[in-house]
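Hydrogens, waters and symmetry mates are skipped; everything else that's a heavy atom, side chains included, is used.
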Amino acid sequence: MKPNPVRKIAIIGDYLPRKCGIATFSHSVYRALSEDTATNECFIVAVNDVPEGYAYPPEVRFEIEEQDLTSYRRAADFLNLTDTDVICLQHEFGIYGGPAGSHILTLLRHVHIPVVTQLHTVLEEPSVEQLQVMKELAALSARIIVMSERGRQILVDIYGLEADHLDVIPHGVPDMPFVDPNYYKDQFGVEGKQVLLTFGLISPAKGIENVIRALPEVIKIFPEMVYIVLGATHPHLLREQGETYRLSLERLAQELGVRKQVVFYNRFVGSEELKDFLGVADIYITPYLNRDQITSGTLSYAFGCGKAVISTPYWHAEELLADGRGVLVPFRDSGAIGAALIGLLTDDVRRHAMRKQAYLLGRGMIWSQVAALYASSFERARLKRGNGVVIHSPLKPLEQEPRELPALRLEHLKRITDSTGIYQHAKYTLPNFKEGYCTDDNVRALQLLVMLEESGDVTPEVQSLATYYASFINYAYIPETCRFHNFMSFERTWLDDDGSDDCLGRTLLALAACVGRSRRDDLRHWAVDLFQLALPSVTKTTSPRAWALGLKAIHEYLRKLSGDRTVDLMRDTLTEQLLAAFHQTSGDEWPWFENVLSYDNASLPHALILSGRWSNRSDALDVGLRSLRWLMAEQTAEAGHFRPIGSNGFYRRGQHRATFDQQPLEACASVSACVEAWSATGDGFWLGEAWRAFAWFLGDNDLHLPLYDARTGGCFDGLQDDSVNMNQGAESTLAFLLALQEMRLLELARHSIPKP
């Protein structure tokens, strides 16, 4: 018996205004299905990769938090209550939470509605988890849609899917008239010029540098040629590395003398504006580096709109441009790209014939035609629902990714840690056994892992690491002096007699963080005992930095045990000592605690901001904010980016400051202090300062080089006058991770504040 026609369709996936290819595709599918017939009702279930979500249009009826497993279960409940006829799931590895995107399976297991899954990626060599997820995804789907014959064949050969379970539907394209590119060129001021176009989200996988390298030879023949690179940097890349790749392309164009021929439009364009850019192009080029790309929406758009196309031979291009419908060139071959460009630009007959052939074939790819193919697939799904028997695999959720920030990665931290503790130094990424261990770094590591508890990023492995670091600190304690050893050899022997004042202060801070933040009772009980034994020693030191660390430690301790009168009185003592140091040394042009800006500078005002805020000491708060504002001004380069005091000489009062080596510790301390200043005042200025200091790690610095290594999860050991120090030691890596966690907690705090 034939079921009733499909009337109500739910589309699940990323959605505009989120800036990604899947979001654009989902929007196009929504429009095509909604316009196909007046009786269709479509709505969107959108996936958020940021906690605050997006300013979605009205068709978005429900939102899923990418890394929140329960959010997928709630979405299933919502769908089951909406009388939806078919779910159209947009699938690509990376847009759903869990290992290999496994969170989406929770939704599919609980819906009672036929599911048609659109695959945007088909991997020929999937990982074990990817294969497992894909097989269950197929079992839970009534139909699978792929966009190419190659994708269909891989699903049959590699994944063992039945061919009659699959539908091949091409990527949709806008309906544009077949016109001469010269018709559009006056809109862009490129009359009489040959226009080459690449568009889409920008990332190193696009291979744009290979086109730029081809241009010097091309412009010898076509000096008026213009290469338009249209698109914003991919949001994930932007979070992890900033604009490093785009800037490298601009530098390359400058070095090759083709800067006037290369035009970058750094923005995410809508479909209507995209039509204008497509219209103006004589040749479209996709120089991608990855052969295993089964679908390219940008290639489909350009081809379907009747563009002459040059492309590297990734899977989709091989299939779409076969039989002379385009020109294929080898990967990473600038010479071949240049030859292909010259060949097409000098042969008008061939180029226009190629355009016409592409346009005629593209008539079957316009969205109105594709919508009809979707409707047929949905009808087939109603006849056969995907309720097969599946194995529920015990996949655990991944750590929640931060908003507008690099992903939290602890791989390098684990790499330089053993069962004794964390190694002090590294040779590149290798732990340097010769230099042994340092208490300073073990306490920083323990503080970090305790802070991770606040954002829910605690796993059994993280708990084990915390135990190693706490055990190291416990062994470093010296009962006779109530202080802590600092340096231990690889042979596990102490190399100092009594540690340092700074080591004492930092250790107190980590112990207090365990007391004030940790949910582990064993850590808290241990930390309280050791903290109370060691705290009196900090008042006997003569170091303002140790006093500041002690004040920060007292604040952490009093978060949980605010009634401890002894500790509260000690806060008053240390506050007075730090204020006295400031008043003794400071002047109108030098509002500081010492006659030198050396290291970990921001900790000093940070301590007074904390003390002033929580003990109602307006004098301490005022001095803290004033000195921090001055410090941040001193740490600002002429171009406006963060420039910490260099460690090669520091900055002595009345003398020239050292610019290099710039240390990650300074950026970390500045981030932390500015975050606290924002918490104390609510002044948006401090938010900007915190982000500016954090951006130093990501390349917004004097050399425009990232200190954070996204490949390893480590941080380089400093910014030298012409390069980064390639070693990734404990202090630097922990400075980045602590700063990152400060920023993550800052974002959580900001979004928990009720809106007026």
Side-chain angles (χ1 to χ4, degrees), residues 202-206 208-209 212-213 232-256 259 264 266 404-409 411-413 415-416 425-430 599 632 634-649 657-671 689-740 743:
I202 304 302
S203 72
K206 301 293 186 183
I208 295 169
E209 63 275 10
I212 295 175
R213 292 191 181 103
T233 299
H234 196 290
H236 290 172
L237 181 69
L238 192 63
R239 292 172 197 170
E240 295 185 0
Q241 300 180 20
E243 293 287 8
T244 302
Y245 177 61
R246 184 185 297 276
L247 292 173
S248 73
L249 296 177
E250 294 180 0
R251 287 195 299 270
L252 178 62
Q254 186 73 37
E255 292 166 2
L256 295 176
R259 188 64 185 87
F264 290 92
N266 184 10
E404 303 290 338
L405 292 164
L408 176 71
R409 297 187 59 190
E411 286 86 344
H412 188 59
L413 185 71
R415 185 182 299 117
I416 58 176
H425 294 298
K427 187 68 174 178
Y428 299 109
T429 61
L430 304 177
Y599 67 96
M632 294 306 292
E634 292 295 323
Q635 295 184 136
T636 300
E638 296 79 7
H641 58 262
F642 181 76
R643 178 190 284 165
I645 304 300
S647 62
N648 286 346
R657 59 171 287 168
T659 302
F660 300 100
D661 280 350
Q662 297 176 20
Q663 294 295 302
L665 177 63
E666 301 309 308
C668 174
S670 297
V671 167
E689 292 297 277
W691 277 102
R692 189 168 66 84
F694 185 76
W696 179 88
F697 289 103
L698 307 181
D700 192 7
N701 52 49
D702 282 321
L703 300 187
H704 306 293
L705 295 174
L707 277 292
Y708 168 56
D709 186 346
R711 298 173 299 106
T712 67
C715 181
F716 298 118
D717 273 352
L719 196 68
Q720 300 167 335
D721 58 355
D722 61 350
S723 63
V724 296
N725 182 332
M726 296 300 291
N727 297 328
Q728 297 181 17
E731 179 180 294
S732 301
T733 294
L734 287 164
F736 171 76
L737 290 173
L738 283 164
L740 173 61
M743 297 304 293

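The structure places CG of Asp661 at 7.5 Å from CG of Asp721, a figure rounded to the nearest 0.5 Å. Leu252 CG to Glu209 CD: the interatomic distance, rounded to the nearest 0.5 Å, is 7.5 Å. Between Leu705 atom CG and Asp700 atom CG the span is 12.0 Å, to the nearest 0.5 Å. Summarising the geometry, atom CD belonging to Gln635 is positioned 7.0 Å from atom CZ belonging to Arg657; distances are rounded to the nearest 0.5 Å. Atom-to-atom distance recorded for Ser723:OG and Leu703:CG is 7.5 Å, nearest 0.5 angstrom. Leu249 CG to Glu243 CD: the interatomic distance, rounded to the nearest 0.5 Å, is 10.0 Å.
A donor-acceptor pair under 3.5 Å is formed between the side chain of Asp717 and the backbone N or O of Gly729.
Of all the heavy atoms in Gln663 and Ser647, the pair that sits closest is NE2-OG, 3.9 Å. Residues Asn725 and Phe716 approach most closely at O-CB, 3.1 Å, considering heavy atoms. Between Pro664 and Cys715 the shortest heavy-atom distance is CG-SG, 4.0 Å.
Looking at heavy atoms from C-beta onward, Ser670 lies in side-chain contact with Met632 at the 4.5 angstrom threshold. At least one side-chain heavy atom of Pro406 sits under 4.5 Å from a side-chain heavy atom of Leu740. Tyr428 has its side chain out of reach of Gln728: every pair of non-hydrogen atoms, C-beta onward, lies at least 4.5 Å apart. Two residues are said to be in side-chain contact when any heavy atoms from C-beta on lie closer than 4.5 Å; Leu737 and Leu408 meet this criterion. In this structure the side chain of Thr712 reaches within 4.5 angstrom of the side chain of Arg415, judged on heavy atoms. Ile202 places a side-chain heavy atom less than 4.5 Å from the side chain of Tyr245.
Side-chain contact check for Gln662 and Asn701: no donor-acceptor pair (N or O, by modelled atom type) lies under 3.5 Å.
Considering Trp696, Phe736, Phe697 in turn, Phe736 is the only one that fulfils the ring pair (Phe, Tyr, Trp, His ring centres under 6.0 Å) rule with Tyr708. Looking at Glu666, Glu638, Glu634 one by one, the single match for side-chain hydrogen bond (donor to acceptor under 3.5 Å, both in side chains) with Arg643 turns out to be Glu638.
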Using side chain to side chain contact (heavy atoms under 4.5 Å, CB included), reason through Phe642 and Arg692 one step at a time and then give a plain yes or no. CA-CA 6 Å; Phe642 181 76; Arg692 189 168 66 84; 4.0 Å; yes
Under the side chain to side chain contact (heavy atoms under 4.5 Å, CB included) criterion, do Val671 and Met743 qualify, and how do the steps go? CA-CA 8 Å; Val671 167; Met743 297 304 293; 3.6 Å; yes
Would you check, one step at a time, whether the test side chain to side chain contact (heavy atoms under 4.5 Å, CB included) holds for Phe660 with Asp722? CA-CA 10 Å; Phe660 300 100; Asp722 61 350; over 6 Å; no
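Remark: Arg711 CZ is loosely packed, at most 12 non-hydrogen atoms of other residues, nucleotides or ligands lying under 6.0 Å away.
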